[in-house]
Amino acid sequence: MHLTTGKHPHPLDPLAAQEIDEVRRVLAKEGLLSETVRVAYLGLEEPRKDAVLAYDPDNPPARRARAFLLDLATERSEDVIVSISAGRVEERRPIDPVTDGQVPMLDEEHALVRRVLREDAGWAGALARRGIDDPATVYLAALSAGHFGLPKEEGRRVARVLAHLMPTPESLPWAHPVDGLVAYVDLVKGEILEIVDTGPQPVPAEPGDYHQGPHRTSQKPIRITQPEGPSFTVDGPLVTWEKWSLRLGYDMREGLTLHQIGFEDGGRTRPIVYRASVAEMMVPYGDPSPIRFWQNYFDTGEYQLGKLANSLELGCDCLGEITYFDAVVTDGAGVPKVITNAICMHEEDYGVLWKHTDPANGSRETRRQRRLVISFFVTVGNYDYGFYWYLYLDGTIELEVKATGIVFTGAYDDRAAPYASEVAPGLAAPYHQHLFSARLDMTVDGVANAVDEVEAVQAGSPYGNAFGRAVTRLRTELQAKRDADLKAERTWHVVNPSVRNRLGHPVGYALFPEGKPTLMAGEGSSIHRRAEFATRHLWVTRYHPAERYPAGDLVNQHPGGAGLPSYTKADRDIDGQDIVLWHTFGLTHFPRTEDWPIMPVDTCGFTLKPVGFFDRNPTLDVPPSAAERSCH
């Protein structure tokens, strides 16, 4: 089913295909869309939060779209706001590629670098020196260039290109890196800026095929059935399940977004999170060689995860009683493109919810936990990522990211050894990180929230056994740049100071971080400047509708300093205000031999748990299942 509701959409519903067509019509009418103009991004320009919270179906806020445009003829790009309701362009802002960065990568640019390099004599000569006579047997990809202050690149739209040999059309190229060689390509002019060649290295010969047999025959079928159907209901993007309600959204940059997450309690739906998304993801590599020093990819801001989503299949990606949602994105011409089954939603049994056998009265009670799973999967070159949002019966919200696919590769030798693992003979997998930034626009029982840092502390006592907790209110944005501390069990409680539970304490939700390493790159590095958001586990900002992305609106080739460092410069008051949490989490990956030729899923994420939000356990009304009743 589609997420959009058609003629009368809710203000947060993603753009429908007919609305995208209307945006194209308006852009063409205003002379902004021609044969040489590419639409690098197009998505809903969400109304201000106060307008959405005051939503009146009879007087809805205007539907607006935002587009990043690139003219390949003039090399000019623009940031444009279109009023769909009024059928006109409302705002136009030119993008300065030197100070603002470039619009995201285009699909067609991968084909462009292949054409440019395969026609270049210098590139053919570099391959010939490595015993490769046919450039067509080499797989090439346009990789985001980063920003390193190189004079010949200033203001130019650039990609860097690494090569992998494909001995046959069916070969997986990642097993055969053509190392010691990289090309820098101007993506608008279609010309090579530089070929860096540090000398031939042996191309690893062992195949990377993971379609191996014979397959094991020991597995018996697992069948998950819900004879009466799922427990949730769906009305367009509006989902209700158990006591939860939320709206699903989708954006070609962020992918799946969740809106207006609330929990029914005492006859009303209590708001918890206004908007939740993974607003950025980046993958920095740790090899400092002349060929690879630049490798760091912002998969969200540079490649746009949402447009790279897989069409999910029953029994492969999702198992059980599944409900699918299609998503609508755009191609480079701004034409709507439907990704069928982009989002998967289902229920899962999740073991014991609570249980007790009482020795005093002999009672035995067990209840089973279940969760609602909302997920999507993307493929970004060699890696695949699944994003799984979980809602639990007890009010817990969790995000789990699953990383799989194929590790990036190079040639393994003494030079590479300090920065890479040897995963096959002569084959290196460089050390790298996968870092994510979740944007959590909180509304815990209202928009006026605050953040307390809570941690375990030892306390003095005659017996030396006492311990307690320290609570520190984070009052300004700069004070709220914080790191996790697992030794102190540090958590961050989002509380509403004006709403009290029955014990007189502020209601709240706590963010439980995993506390894994943040960005490993040094403070003076280019990637540190561009990804400063990833240097802290927590940032808290005062809500502003224009502050959507932790690394800024335009990430591709941006010099740095945008996003959270810029947002927090004013050090705004966040105590009892409308606030947004930004949480960095991720994986630091030292590849194992078991990660080759394909990597089993590795996971990371975080949890939000109610802390004093409810007056008592909210699952006392969960009934025993038929099996449980027979146990008792």
Side-chain angles (χ1 to χ4, degrees), residues 126 130 140-154 158-164 174 176-185 193-204 281-299 301-302 380-383 403 406-424 426-435 516-535 551 555-561 584 586-592 595-596:
R130 289 161 170 81
L140 306 171
L143 301 171
S144 52
H147 186 281
F148 297 92
L150 302 177
K152 67 175 65 175
E153 294 181 1
E154 184 168 321
V158 178
R160 310 197 196 280
V161 188
L162 295 172
H164 288 78
W174 314 108
H176 312 292
V178 181
D179 216 332
L181 182 65
V182 61
Y184 302 167
V185 177
L193 299 177
E194 183 178 1
I195 295 175
V196 180
D197 187 348
T198 59
Q201 293 177 258
V203 176
M281 172 196 167
M282 51 92 63
V283 187
Y285 283 76
D287 187 336
S289 76
I291 301 301
R292 299 176 183 276
F293 71 89
W294 50 270
Q295 276 192 281
N296 46 77
Y297 310 123
F298 291 76
D299 287 346
E302 293 175 339
V380 192
N382 54 301
Y383 261 111
I406 303 178
V407 293
F408 206 88
T409 55
Y412 188 85
D413 56 16
D414 290 343
R415 188 216 62 80
Y419 317 108
S421 302
E422 187 175 24
V423 293
L427 185 67
Y431 302 153
H432 59 284
Q433 294 183 282
H434 305 261
L435 298 173
K516 295 177 181 178
T518 53
L519 182 67
M520 299 294 292
E523 192 167 337
S525 64
S526 168
I527 189 58
H528 192 285
R529 290 192 300 273
R530 299 178 64 226
E532 191 173 340
F533 75 88
T535 64
V555 181
N556 192 15
Q557 294 183 245
H558 195 284
T584 300
L587 300 165
T588 298
H589 196 192
F590 301 98
R592 310 165 299 153
D595 291 325
W596 182 258

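These numbers come from a predicted model, not from an experiment.
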Specify the closest pair of heavy atoms between [X] and [Y], including all atoms of both residues, with the distance to one decimal.
X: A126; Y: L181; value: CB-CD1, 3.7 Å
X: A534; Y: T518; value: O-CB, 3.1 Å
X: Y297; Y: S144; value: CD2-OG, 3.4 Å
X: A411; Y: A416; value: O-CB, 3.7 Å
X: L519; Y: A531; value: CD2-O, 4.0 Å
X: A428; Y: A420; value: CB-CB, 3.9 Å

Residues passing the side-chain hydrogen bond (donor to acceptor under 3.5 Å, both in side chains) test with N382, sequence neighbours excluded, are none
Please identify each residue that fulfils side-chain hydrogen bond (donor to acceptor under 3.5 Å, both in side chains) with E153, with sequence neighbours left out. R160
Charged N to carboxylate O under 4.0 angstrom, D179 versus R130? no
Is the shortest heavy-atom distance from the side chain of [X] to the side chain of [Y] under 4.5 Å?
X: L435; Y: M281; answer: no
X: H528; Y: T535; answer: yes
X: W596; Y: T409; answer: yes
X: I527; Y: F298; answer: yes
X: Q557; Y: V158; answer: yes
X: M282; Y: P284; answer: yes
X: L162; Y: Q295; answer: yes

Value rounded to 0.5 Å, distance of CZ in F293 from OG in S525: 12.5 Å
Among residues at least two apart in sequence or on other chains, which ones pass side-chain contact (heavy atoms from CB on, under 4.5 Å) with [X]?
X: S289; value: D287, I291, R292, R415
X: P204; value: P177, L427
X: E194; value: K152, Y184, V196
X: H176; value: L165, P167, V203

Report the residues that fulfil ring pair (Phe, Tyr, Trp, His ring centres under 6.0 Å) with [X], sequence neighbours left out, ordered by chain and then residue number.
X: Y431; answer: F590
X: H432; answer: Y285, Y383, H434, H589
X: Y412; answer: none
X: H147; answer: none

Side-chain donor or acceptor of [X] paired with backbone N/O of [Y] under 3.5 Å:
X: Q201; Y: V178; result: no
X: N296; Y: W294; result: yes
X: Q433; Y: M520; result: yes

Can you name the salt bridge (charged side-chain N to carboxylate O under 4.0 Å, His left out) partners of D595, sequence neighbours left out? R592
Test of understanding: with salt bridge (charged side-chain N to carboxylate O under 4.0 Å, His left out), list the residues that count as partners of E302, not counting sequence neighbours. R530
Check the angle between the aromatic planes of H164 and F408 and answer parallel, tilted or perpendicular using the 30° and 60° thresholds. perpendicular
